[in-house]
Amino acid sequence: MDRMSPERIAEVLNGPLQAILAVNRADKGPLAIPMSYLFEGHRFVMVTSPDTVHGRLMLRHGRGTITVQFEACDGRSVHQWYVIAEGPVRFTEEDPRPFVRRILSKDRGESYADEWTARMGADDDTVAELLPARMSGYEARASLD
């Protein structure tokens, strides 16, 4: 696999993909859960509650790792890539509704985002961010032709 440039990383992270957020647990292996996200160049934005298991772990440990992975195979060729980012995580005071709308529009389309955000309460969730201290991405394409 070839190392991706920062520009290529930013390009692939703007697609409709889920990330896996991993946060440390003192008594077990890391907790790894799927999360919808936005990548804003300098941070990953997620909308969740600090009262969830992963939210409490983010508050307790203050660090996390995000992995985003993609693979497509048509029987004759394969294209795959992944990006890993690690760094501090925290909850912000930002209004989560605009982020929810942007995430849902990216992942599921405008009409779905409109319907969901119309039903969303003001205090349903909170904005969390991961600020990458380290980030790397790798990509490969292979063909049988």
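Since the structure is predicted, the reported quantities are computational estimates derived from the model, not experimental observations.
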Step-by-step side-chain contact (heavy atoms from CB on, under 4.5 Å) determination, Asn14 to Lys106: CA-CA 8 Å; Asn14 285 314; Lys106 171 182 78 81; 5.5 Å; no
Chi angles and distances behind the side-chain contact (heavy atoms from CB on, under 4.5 Å) call for Thr48, Phe91: CA-CA 9 Å; Thr48 190; Phe91 286 92; 3.9 Å; yes
Candidate pair Arg3 and Ser136, rule side-chain contact (heavy atoms from CB on, under 4.5 Å), full reasoning: CA-CA 7 Å; Arg3 192 173 191 87; Ser136 57; 3.6 Å; yes
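The hydrophobic cluster containing Val89 does not contain Ile103, counting ILVMFWY residues as joined when their side-chain heavy atoms lie under 4.5 angstrom apart, directly or transitively. No continuous path of ILVMFWY side-chain contacts below 4.5 Å connects Met46 to Val127, so the two sit in separate hydrophobic clusters. Hydrophobic clustering, with ILVMFWY side chains joined whenever heavy atoms are under 4.5 angstrom apart, keeps Val68 apart from Ile84. In the hydrophobic clustering of ILVMFWY residues, with side-chain heavy atoms under 4.5 Å counting as a link, Leu17 and Leu130 come out together. Tracing side-chain contacts under 4.5 Å through hydrophobic residues (I, L, V, M, F, W, Y), one reaches Phe39 starting from Met4; they form part of the same cluster.
Proximity of a side-chain donor or acceptor of Tyr37 to a complementary backbone N or O of Leu13 within less than 3.5 Å is detected.
When all heavy atoms of Asp107 and Gly15 are compared, the closest pair comes out as OD1-O, 4.2 Å. When all heavy atoms of Arg8 and Arg141 are compared, the closest pair comes out as NH2-NH2, 3.9 Å. Taking all atoms of both residues into account, the shortest heavy-atom contact from Leu104 to Ala113 is CB-CB, 3.7 Å. The heavy-atom pair separating Pro132 from Met135 by the smallest distance is CB-CB, 4.3 Å.
Considering only heavy atoms from C-beta on, Met58 comes within 4.5 Å of Leu21 through its side chain.
Remark: Arg56 CZ to Arg25 CZ distance equals 11.5 Å, nearest 0.5 Å. Separation of atoms CG (Asp95) and CG (Asp125) is listed at 11.5 Å; rounding is to 0.5 Å. Glu40 CD to Leu131 CG: the interatomic distance, rounded to the nearest 0.5 Å, is 10.5 Å. Note that OG of Ser143 and CG of Asp74 are 8.0 Å apart. Values are rounded to the nearest 0.5 Å. Taken from CD1 in Ile20 to CG in Leu31, the straight-line distance is 10.5 Å, to the nearest 0.5 Å. Considering CD of Glu11 and OG of Ser5, their distance stands at 8.5 Å, rounded to 0.5 Å.
The pair Glu94-Arg43 meets the salt-bridge criterion, with a side-chain N (NZ, NE, NH1 or NH2) lying under 4.0 Å from an Asp/Glu carboxylate O.
Using cut-offs of 30° and 60° for the angle between ring planes, the Tyr138 and Tyr82 rings count as tilted.
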